[in-house]
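What's counted below: heavy atoms across the whole structure, side chains too, no hydrogens, waters or symmetry copies.
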Amino acid sequence: MCGIVAYVGQKEALPIIIKGLKRLEYRGYDSAGVALIDQEGLNVYKKKGKVSELENHLTDKGTLSSTIGIGHTRWATHGEPNDVNAHPHYSSNEKFAMIHNGIIENYDVLKTDLKNKGYVFQSDTDSEVFMKFIEDIHKNNDCSLEEAVRLALHKVVGAYAIVIMNIEEPDTLIAARKGSPLVIGVGKGEYFLASDATPIIEYTNQVIYLDDYEIAVIRNGSLQIKTIENVETNPYINKLEMELEAIEKGGYEHFMLKEIYEQPRSIADCMRGRLDAKNGRLVLGGLRDYMNKFQNADRIIITACGTSWHAGLVAEYLFEEFARIPVEVEYASEFRYRNPVVNEKDFVIAISQSGETADTLAAIELAKSKGATIFGVCNVVGSSIARATHAGSYTHAGPEIGVASTKAFTAQISVLTMMALMLGYQRGTLTESKYVQLLNELEKIPSKVEETLQMNPHIEEISAEYKDARNFLYLGRGYNFPVALEGALKLKEISYIHAEGYPAAEMKHGPIALIDEEMPVVFIATKDNSYEKVVSNIQEVKARKGKIIAVVTEGDTTVKSMADHVLEIPDTAEAFVPLLSVIPLQILSYHIAVMRGCNVDQPRNLAKSVTVE
Ligand code: M6R
């Protein structure tokens with residue numbers, strides 16, 4: 001995980017780097033550091049805690065003037081979060097400093113070797129080993145630092161995005177990547193490097209996405225990119241579409257709340273230019289060239305992690321209902337290691353908000369090596385997964401900063417719903433009239449989400465009643481089963497309350513033992529095929545004095561008479577209910593977490609993109 005930022009140009013580097021690190025804090029926030037070159041030399045400053053702690057630490061240091069610098073915000077992998085393990089890491093001679101995002105898998109062997117040569121290590125990190133390994137090559141081969149980096153990259157195993165500074169070349173940054181993202185912002189005589197585009201957007205909208213096994217050298221105001229085989233490449237400059245306001249809180253107390261409230265717009269953005277119900281048209285440009293493969297696939301395999309995996313579960317119901325193709329939904333972390341049966345007739349869909357999740361990337365590579373077609377559903381434009389897949393559709397939810405995924409989830413479901421409808425229609429498993437009826441209903445979803453959001457104050461009141469609960473159970477059936485899982489995940493990750501999601505009918509097979517007057521049970525009991533069954537489950541919980549919070553379809557009186565609280569959502573097609581029923585659950589977890597004093601946007605131990613396995 002971790003976020004990295006670097007700058008070289010004519011401006012003061014430190015404010016740019018600090019601001020950039022704050023934007024990247026969602027990637028890790030256990031320690032932070034910067035390296036600058038000023039009249040006194042190459043200096044590294046680092047501190048345990050958030051970027052603001054580093055900022056406080058720097059105020060004691062007087063004016064730090066440098067037009068070049070590197071910065072890092074860390075999510076610990078090797079070594080506990082403390083000042084010493086924070087980045088940047090110096091070389092032994094303190095002539096070089098490096099920031100690293102990723103994991104070096106063979107660091108132990110390299111470290112032993114370097115120790116035998118007399119190197120001493122200050123930290124427990126793989127990154128310091130990486131820096132000193134480069135230093136050792138530089139010393140022994142009497143070569144340039146750039147060449148030493150190139151040679152080192154042939155030997156290290158693992159993932160990295162690195163940026164290195166060298167006191168002897170105070171206008172030069174050397175960067176490289178494999179497996180971890182690195183974006184280069186191209187300004188007028190200045191360059192910005194970062195893990196994603198959010199620290200860059202304010203200064204330039206011209207960016208280059210560095211590819212795996214590429215080394216970028218910015219020297220004296222110009223950029224050169226070569227592969228690690230020393231072949232110069234001609235980088236493509238992309239134009240960023242992102243708006244600055246999209247990565248700011250815009251008056252909301254937390255990014256999570258802002259992102260929950262953005263859903264009517266993000267879902268509409270996701271459908272814009274794709275869905276035209278009036279004319280019965282639905283087109284996903286990314287699918288066009290692959291429609292044939294999709295339609296004729298023997299099987300659809302969906303792979304993802306966390307919330308994206310829950311979106312995949314919703315898609316399983318969608319694809320099987322509308323297109324009648326068998327679907328398997330796989331945790332990417334399991335799929336990649338269990339020797340799965342995959343072949344050319346499989347259509348694999350990889351879902352990821354960040355597009356950087358290490359397990360999902362590895363699952364893609366595995367499926368690709370077996371000949372399957374891989375389609376990505378990603379939010380971050382230009383991300384590693386977006387580029388590793390054969391084709392894909394962006395979710396267009398806009399930057400999601402809160403660690404708990406909200407608008408990305410509903411945008412993922414929106415894309416997957418459109419894919420399922422297109423597929424069903426093309427395969428003839430959805431009749432024309434049903435198709436048109438569904439398109440019309442889908443188009444109404446953004447305004448129904450808007451309506452659903454109006455429950456916020458009511459949910460806040462309910463939250464106050466349950467904020468001290470120690471456990472929660474979330475139950476749903478059919479399309480609402482993945483929503484139950486997602487509701488439970490939201491609550492546990494931001495409020496640290498233990499919560500479990502279950503298919504409602506499974507309750508009798510174990511979880512019912514947990515129910516007593518202390519146990520809040522959230523039912524998603526909308527009017528659908530399994531409604532009557534869920535009502536019976538509600539009765540079973542009531543008989544055992546559990547507290548019932550039920551998400552129901554507007555106007556429901558049956559559940560209202562049984563539940564302690566009801567949250568009414570607008571009626572819609574059964575298949576689209578997750579887009580609405582998840583909203584009250586997001587809001588519930590948000591308020592409970594705020595009331596418990598938790599850091600909603602940056603929950604403990606988590607990071608937004610999990611770029612390590
Ligand atoms: O970026 P991705 O969608 O690949 O991330 C997958 C999970 O790490 C992510 O959904 C995680 O579970 C979130 N914290 C959930 O809110």
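- Using a distance-only test at 3.5 Å, with no hydrogens or angles considered, a donor-acceptor pair links the side chain of Thr395 to the main chain of Cys378.
- Between the side chain of Thr526 and the backbone N or O of Thr553 there is no donor-acceptor pair closer than 3.5 Å.
- In this structure, His565 and Tyr466 have perpendicular ring planes: the angle between them is above 60°, well past the 30° mark.
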From CA spacing to verdict: salt bridge (charged side-chain N to carboxylate O under 4.0 Å, His left out), Glu441, Lys448: CA-CA 10 Å; Glu441 187 51 37; Lys448 292 191 177 183; 2.8 Å; yes
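- Look at Arg299 and Glu328 and you find a salt bridge, because one of the NZ, NE, NH1 or NH2 atoms lies within 4.0 Å of a carboxylate O, short of that distance.
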Show me the donor-acceptor pairs within less than 3.5 Å that the side chains of residues 314-321 make with the rest of the protein, sequence neighbours left out.
| residue | atom | partner | partner atom | Å |
| --- | --- | --- | --- | --- |
| Glu320 | OE2 | Val327 | N | 2.7 |
| Glu321 | OE1 | Tyr479 | OH | 2.5 |

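- With salt bridges taken as basic N to acidic carboxylate O contacts below 4.0 Å, none links Glu465 and Lys547.
- Residues Glu356 and Ser384 have side chains that bring a donor and an acceptor to within less than 3.5 angstrom of each other.
- By the 6.0 Å contact criterion, NZ on Lys370 is enclosed, its count of non-hydrogen atoms from other residues, nucleotides or ligands being greater than 12.
- The closest side-chain heavy-atom distance from Ile349 to Val377 is below 4.5 Å.
- Panel note: side chain Lys345, backbone Asp298; no donor-acceptor pair is recorded below 3.5 Å.
- Using modelled atom types, one finds no donor on one side chain facing an acceptor on the other under 3.5 Å when comparing Lys467 with Ser495.
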Intermediate values then yes/no, side chain to side chain contact (heavy atoms under 4.5 Å, CB included), Leu366 and Val342: CA-CA 9 Å; Leu366 176 75; Val342 183; 5.8 Å; no
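- Judged purely by atom type and a 3.5 angstrom limit, Lys407 uses its side chain to pair as donor or acceptor with the backbone of Pro399.
- Looking only at distances, no side-chain donor or acceptor of Gln426 sits under 3.5 Å from a matching main-chain atom of Leu423.
- Listed by first and then second residue, the salt bridge (charged side-chain N to carboxylate O under 4.0 Å, His left out) pairs involving residues 556-571 are Lys560-Glu568 (not counting sequence neighbours).
- Met455 has its side chain out of reach of Ile587: every pair of non-hydrogen atoms, C-beta onward, lies at least 4.5 Å apart.
- One finds no salt bridge joining Glu450 and Lys444 here, because no Lys/Arg side-chain nitrogen approaches an Asp/Glu carboxylate oxygen to under 4.0 Å.
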Worked check of salt bridge (charged side-chain N to carboxylate O under 4.0 Å, His left out) between Lys258 and Glu400: CA-CA 10 Å; Lys258 176 184 175 235; Glu400 191 180 65; over 6 Å; no
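- Side-chain N or O atoms of Asp346 include none that pairs as donor or acceptor with a backbone N or O of Val348 at under 3.5 Å.
- Judged by distance alone, the side chain of Arg281 and the main-chain N or O of Asp276 form no donor-acceptor pair under 3.5 Å.
- Side-chain atoms of Asn440 and Glu443 form no donor-acceptor pair, as typed in the model, at a separation below 3.5 Å.
- The closest donor-acceptor contact from the side chain of Asp601 to the backbone of Met256 lies under 3.5 Å.
- Paired with Leu580 under the rule side-chain contact (heavy atoms from CB on, under 4.5 Å), one option of Thr410, Thr572, Val483 passes, and it is Thr572.
- Between Val381 and Glu241 the shortest side-chain heavy-atom distance does not fall below 4.5 Å.
- Contact check for Leu567 versus Ile462: side-chain heavy atoms found under the 4.5 Å cut-off.
- Side-chain contact, Ser405 with Gln353: no donor N or O sits under 3.5 Å from an acceptor N or O.
- By the 4.0 Å N-to-carboxylate-O rule, Arg177 lies too far from Asp211 to be salt-bridged with it.
- You'll find the side chain of Tyr590 stays beyond 4.5 Å of the side chain of Thr406, heavy atoms only.
- When atom types are taken as modelled, the side chain of Lys508 and the backbone of Glu540 share no donor-acceptor pair closer than 3.5 angstrom.
- Checking His390 against Tyr290 by side-chain atom types alone, no donor-acceptor pair falls below 3.5 Å.
- Contact annotation: the side chain of Val283 approaches that of Arg288 to within less than 4.5 Å [non-hydrogen atoms, C-beta and beyond].
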